[in-house]
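Let me begin by presenting the structure, written as structure tokens, before commenting on it.
Here is the naming used below: chain letters follow the sequence lines, and residue numbers restart at 1 for every chain. Here the structure is a predicted model, which is why all the values come from computation and not from measurement.
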Protein chains: 2
Amino acid sequence: MLELRLVQGSLLKKVLEAIRELVTDANFDCSGTGFSLQAMDSSHVALVALLLRSEGFEHYRCDRNLSMGMNLNNVSKMLRCAGNDDIVTIKADDGSDTVTFMFESPSQWNLSHSVFFFLCLFVEWLSFLRKGQDKIADFEMKLMDIDSEHLGIPEAEYHAIVRMPSSEFARICKDLSSIGDTVVISVTKEGVKFSTKGDIGTANIVCRQNTTVDKPEEATIIEMKEPVTLTFALRYMNSFTKATPLSSTVSLSLSSELPIVVEYKIAEMGYIRFYLAPKIEDEEEDVKPQV
Amino acid sequence: MLELRLVQGSLLKKVLEAIRELVTDANFDCSGTGFSLQAMDSSHVALVALLLRSEGFEHYRCDRNLSMGMNLNNVSKMLRCAGNDDIVTIKADDGSDTVTFMFESPSQWNLSHSVFFFLCLFVEWLSFLRKGQDKIADFEMKLMDIDSEHLGIPEAEYHAIVRMPSSEFARICKDLSSIGDTVVISVTKEGVKFSTKGDIGTANIVCRQNTTVDKPEEATIIEMKEPVTLTFALRYMNSFTKATPLSSTVSLSLSSELPIVVEYKIAEMGYIRFYLAPKIEDEEEDVKPQV
DNA sequence: AATTTTTCAC
DNA sequence: GTGAAAAATT
């Protein structure tokens, strides 16, 4: 039997919005460790790895390892029926070919946004006292059989790791894709440079290391062992940035010839990591990306 | 060599959004006086004139007069990659067939919107002290050869000049175009009347002079030497109102048989002016507009 | 799921 | 000024 209770249900909604553009069907794997997913995108070029550790759940019961194949668009449809403040419970019986998502709405309180913070805390405390909720919904979904090719992802030493605000990374990818199709990411001790070239011209965006900001999540930090320059398809990068709502920072891990790792940490729980193989620099422009 | 540095980069973004619907390709002319553009719209009916005086730039260097032909949609694409708070620099080397737009993001400061104004000023002063920025982007674009027919626009005496809130003018043009295709603008000592006629009926909007408002930009001021009534195609008027974000007020200058001048002043820098010839009132409805 | 911008009908 | 349907964003 499986029963996972996640107080912050909006997190699950964000996770699905982050993945569903890239992957249509995937297996969710449950074990004592946590709730995880690993899948290639439909064109077999990018890889997504999700981990939500069991400790991050309010309640986590997983009697034995379970792999549940789901259509992510359908999961997303159901999750969109959950309010952002809902508590989400995922349930599956042993041997069952269905999974159930349960959403408990917290009681409606007539609060404007300008209410004081302590009042919010008070209200949250009240809602713990309440025995029930105004609304409880459950959605049951058929599971599917999906061939999973669970790749062991080797731990690699990266030449460079860049951490920057996730919104800034998203903005850069979006801006560059209005000029070109690919981005050249180049890390030197000067900083990290994102470049592209297209019919109407060229673009270069340089971000310098900057740790002198008020909030740590606004910092740009570059750990570089060796300079590295790699080229990637912007189309995938833009898909990855769908995970921006999950974390205020993103990290890019780069090594020559290795796939880039674009990681969004999920507070208290784990991460989403996207892997994308670099384009092979060649005389020809239209080289098909290799995995 | 050309190097123009504009602290308020969003202004340039707005200028391009204001023009690009009307004009696809145009020459930007740089001289000691400033940065200017003059172009007919693609159907050769309306004329746009832009002036950004050199004094409005933080730094203005223009060694010799330069006319740079650009596709405004491409310029706009690049400018959309600039943040609204970015400092924009336009660069061109002598004899080069490219132009470079450089965007410097101000450093991230932890400021909420509710911060006091003087604190903003302080922060702006601080950012001048900083040697560099977190993010610097540069976009290079090929220039084009464009036949420019730089018309001398004669200074005219206008029978009437109406100044009103630009948003109000935009609203009137939009509303009237849901009823008819043309607007009759009629200035008398009563005020200014915008009228249209269509299949479903007629509409008249009268704005009376009103200077007794709290803010001067909310005033409607009519300077009239002589009553005047002219007819214009609403389609162009609606294009002109794309410049609304540039100024809180607009002025309409009218004389019989002369093109109307719709002017948006650009604070501290200059203006955008749109010229549109009146439709000749005739028994026939479908008279082609004359320039 | 594909491409670009805004609104309604000829 | 051209064209088909609804809405925004890449």
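- The NZ atom of A:K174 sits 17 Å away from the P atom of D:dA8 (whole-angstrom rounding).
- If you measure from atom CD1 of A:I200 to atom P of C:dT4, you get 12 Å, rounded to the nearest angstrom.
- Distance B:D181 CG to C:dT7 P: 17 Å, rounded to the nearest Å.
- Stem regions annotated for DNA chain C: none, counting only runs of 3 or more consecutive pairs of Watson-Crick or G-U type with both contacts under 3.5 Å.
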Under the criterion side-chain contact (heavy atoms from CB on, under 4.5 Å), I'd like the reasoning laid out for A:I161 against A:L252: C-alpha separation, chi angles, the key distance, then a yes or no.
CA-CA 6 Å; A:I161 300 178; A:L252 315 176; over 6 Å; no

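- For B:L22 and C:dT5, the CG to P distance is 17 Å, given to the nearest whole Å.
- Classification of the B:F274-B:Y264 ring pair by plane angle, with boundaries at 30° and 60°, yields perpendicular.
- Not counting sequence neighbours, the partners of B:N71 by the side-chain hydrogen bond (donor to acceptor under 3.5 Å, both in side chains) test are B:D25.
- Judged as a ring pair (Phe, Tyr, Trp, His ring centres under 6.0 Å), and not counting sequence neighbours, B:F169 has no contacts.
- Protein atom CD of A:E17 is 17 Å distant from nucleotide atom P of D:dT10, rounded to whole Å.
- Rounded to whole Å, the distance from CZ on B:R235 to C1' on C:dC8 is 15 Å.
- The CG-P distance, from B:N238 to C:dT5, rounds to 19 Å in whole Å.
- Taking atom CD on B:E21 and atom P on C:dT7, their separation rounds to 10 Å, with Å as the unit.
- In this structure a side-chain-to-backbone donor-acceptor pair under 3.5 Å is missing from A:N204 to A:S195.
- Tested against A:E17 for a salt bridge (Lys or Arg N to Asp or Glu O under 4.0 Å), the candidates A:K13, A:K14, A:R20 yield a single pass: A:R20.
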